[in-house]
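Reading through the structure tokens given below for one structure.
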Amino acid sequence: MNLGNLIVRVAVDPAGVIESTARPDPVLLVHVGPPVEIGCERGGQMHCGLSLHGDIDVIPPGTDSRWILKKEDCGLVVRIPQNFLVEAARGMGLDPEEALLVNRFQVRDPEIEHLGWALKAELEREHKSGQLFADSIGMALACRLLRAHSVVAPQNGKTQAGAMAPFKLRRVLGYIEDNLSNNLSLEAIAAVSGLSISHCQRAFRNAVGLSVHQYVIQRRVERAKSLLLNEKLTVGEIALAVGFSHQSHLAHHMRRLLGTSPMNIRSDS
């Protein structure tokens with residue numbers, strides 16, 4: 001669907017090999033849902049690894065991709081007009097010809113992730129906020145790409161001060177995804193990270209933009225939404241399956257985060 005000048009879609013691809021032809025515009029791919037083992041050949045590089053919810057691929061213009069999926073995968077695909085990057089570069093005092101994007105595989109970027117989820121919500125609302133909203137998100141994405149994922153980005157590839165090291169963050173996020181249905185504790189999560197509880201809390205917030213507790217609740221709500229749309233389990237069974245103590249606990253957080261109830265989501269599916 002076109003959201004303003006952006007092209008945004010949620011793609012669900014089966015296990016196997018997916019060939020993606022080069023586009024004249026940069027593309028962002030944000031992984032959605034359960035972890036999936038993915039291999040990708042792109043721009044003369046090869047990357048293999050476990051793709052986690054919120055992982056981001058940055059695909060520069062004119063770049064073919066070949067994906068190898070171990071199982072069904074879901075991703076938010078955002079195609080940003082190249083002229084947005086040109087305009088953003090000029091506004092930042094950069095030469096658009098030199099501000100080239102870097103090919104990125106499964107990186108974490110809280111700012112891009114939050115903007116992506118805003119576009120996903122707008123897609124689900126059938127673009128009710130209008131072109132100005134979507135174009136504003138698109139320009140924000142273009143600016144962030146230039147600041148953090150281009151050849152002119154300062155300190156490109158370095159971990160933000162105070163943030164959790166990427167390999168530790170991936171370990172923690174993978175542990176959370178694998179244990180959403182269990183009684184997760186800060187002590188166990190900190191042990192996975194190899195940090196003290198207080199250090200883990202600070203480093204996680206700096207890396208993800210949410211506290212550990214907020215992130216876990218958000219992922220449980222999102223997993224529950226997916227089950228409500230695609231499974232025949234009762235709402236109570238889904239609540240337990242994603243780690244909530246009972247149905248009303250799920251309903252409370254779903255209304256708070258999504259502005260709707262489990263039954264409304266199920267009836268709309």
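The analysis underlying the following values was restricted to heavy atoms, covering all of them including side chains, and did not include hydrogens, waters or symmetry mates. Here the structure is a predicted model, which means the values were calculated and not measured. We count residues from 1, following the sequence as given.
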Nearest heavy-atom approach of Leu145 to Ile80 is CD1-CD1, 3.8 Å

side-chain contact (heavy atoms from CB on, under 4.5 Å), that's the test. Do Leu119 and Leu123 meet it? Break it down for me.
CA-CA 6 Å; Leu119 287 176; Leu123 187 66; over 6 Å; no

Give me the atom names and distance for the closest heavy-atom approach of Gly116 to Leu76.
O-CD2, 3.1 Å

Could you check whether Arg42 pairs with Asp57 (Lys NZ or Arg NE/NH1/NH2 to Asp/Glu carboxylate O, under 4.0 Å)?
yes

Please say which of Arg219, Lys225, Arg220 ends up in a salt bridge (Lys or Arg N to Asp or Glu O under 4.0 Å) with Glu222.
Arg219

How about Val212 and Leu184: do any of their side-chain heavy atoms sit closer than 4.5 Å?
no

When rounded to the nearest 0.5 angstrom, what is the spacing between CZ in Phe84 and CG in Leu141?
10.0 Å

In the structure I gave you, are the side-chain heavy atoms of Asn5 and Asn83 within less than 4.5 Å of one another anywhere?
no

Here the pair of heavy atoms bringing Leu169 nearest to Ala207 is CD2-CB, 3.9 Å

Counting only heavy atoms not in Met46, do more than 12 sit closer than 6.0 Å to its CE atom?
yes

Joint cluster assignment, Ile38 & Val78, ILVMFWY side-chain distance < 4.5 Å
no

Pair Val152-Met92, side-chain contact (heavy atoms from CB on, under 4.5 Å): steps then yes or no
CA-CA 11 Å; Val152 295; Met92 297 165 68; over 6 Å; no

Is Phe244 reachable from Leu228 through a run of hydrophobic residues whose side-chain heavy atoms are each under 4.5 Å from the next?
yes

Judged by modelled atom types alone, do His246 and Ser248 share a side-chain donor-acceptor pair under 3.5 Å?
yes

Begin from the C-alpha positions of Val151 and Glu98 and carry the test side-chain contact (heavy atoms from CB on, under 4.5 Å) through to its verdict.
CA-CA 8 Å; Val151 297; Glu98 296 181 0; 5.8 Å; no

Take a 6.0 Å sphere around CG of Asn183 and say whether it holds more than 12 heavy atoms from other residues, nucleotides or ligands.
no

Do the side chains of Val208 and Leu180 join up, straight or via other hydrophobic residues, at under 4.5 Å, putting them in one cluster?
yes

Compile the donor-acceptor pairs under 3.5 Å between side chains in residues 22-34 and protein atoms, sequence neighbours left out, one pair per line.
from	atom 1	to	atom 2	distance (Å)
Asp25	OD1	Gln82	N	2.9
Asp25	OD2	Arg79	NE	3.3
His31	ND1	Asp73	OD1	2.8
His31	ND1	Cys74	O	3.4
His31	NE2	Pro34	O	2.8
His31	NE2	Ser51	O	3.4

Not counting sequence neighbours, which residues clear side-chain hydrogen bond (donor to acceptor under 3.5 Å, both in side chains) with Ser185? List them please.
none

Please examine the side chains of Ile7 and Arg9, heavy atoms only from C-beta on, and report whether any two atoms are closer than 4.5 Å.
no

Quick check on Glu19: does its CD atom have over 12 non-hydrogen neighbours (other residues, nucleotides or ligands) under 6.0 Å away?
yes

Here the gap from Gln45 atom CD to Arg104 atom CZ, rounded to the nearest 0.5 Å, amounts to 10.0 Å

Cluster check Val107, Trp117: I/L/V/M/F/W/Y, side chain < 4.5 angstrom
yes

Val58 vs Val102, side-chain contact (heavy atoms from CB on, under 4.5 Å): CA-CA, chis, key distance, verdict
CA-CA 7 Å; Val58 178; Val102 176; over 6 Å; no

Side chains of His149 and Asp109: closer than 4.5 Å at any heavy-atom pair?
yes

Can Arg108 and Asp55 be counted as an ion pair, charged N to O under 4.0 angstrom?
yes

Atom CG in Leu233, atom CG in Leu240: separation rounded to 0.5 Å?
10.0 Å

Is there side-chain contact between Arg255 and Ser261, with heavy atoms separated by less than 4.5 Å?
yes

Show the nearest heavy-atom pair for residues Gly43 and Thr63, with the distance to one decimal.
N-CG2, 3.7 Å

Of all residues at least two apart in sequence or in a different chain, which pass the side-chain hydrogen bond (donor to acceptor under 3.5 Å, both in side chains) check with Ser181?
none

Between His253 and Leu258, is any pair of side-chain heavy atoms under 4.5 Å apart?
no

Once you measure the plane-to-plane angle for Phe204 and Tyr215, does it fall in the parallel (<30°), tilted (30-60°) or perpendicular (>60°) bin?
perpendicular

Tell me the closest heavy-atom pair linking Glu122 and Lys128, and the distance in Å.
OE2-N, 3.3 Å

Are any non-hydrogen side-chain atoms of Thr234 and Ile238 less than 4.5 angstrom apart?
no

Minimum-distance pair of heavy atoms, taken over all atoms of Ala89 and Leu146:
N-CD1, 3.4 Å

Taking the side chain as C-beta and beyond, is there a heavy-atom pair between Pro81 and Leu6 under 4.5 Å?
yes

Under 3.5 Å donor-acceptor, Glu41 side chain and Trp67 backbone:
no

Hey, any chance Ile68 and Val36 share a hydrophobic cluster, counting ILVMFWY side chains that come within less than 4.5 Å of each other, even indirectly?
no

Distance from Ile217 atom CD1 to Met254 atom CE, nearest 0.5 Å?
11.5 Å

Got a donor-acceptor contact below 3.5 angstrom from the Asp64 side chain to the Thr21 backbone?
no

Out of curiosity, Met164 CE to Cys200 SG, how far, rounded to the nearest 0.5 Å?
4.0 Å

Hey, is Glu87 close enough to Arg90 for a salt bridge, meaning N to O under 4.0 Å?
no

Could you grab the distance from atom NE2 of His53 to atom CZ of Arg223, nearest 0.5 Å is fine?
9.5 Å

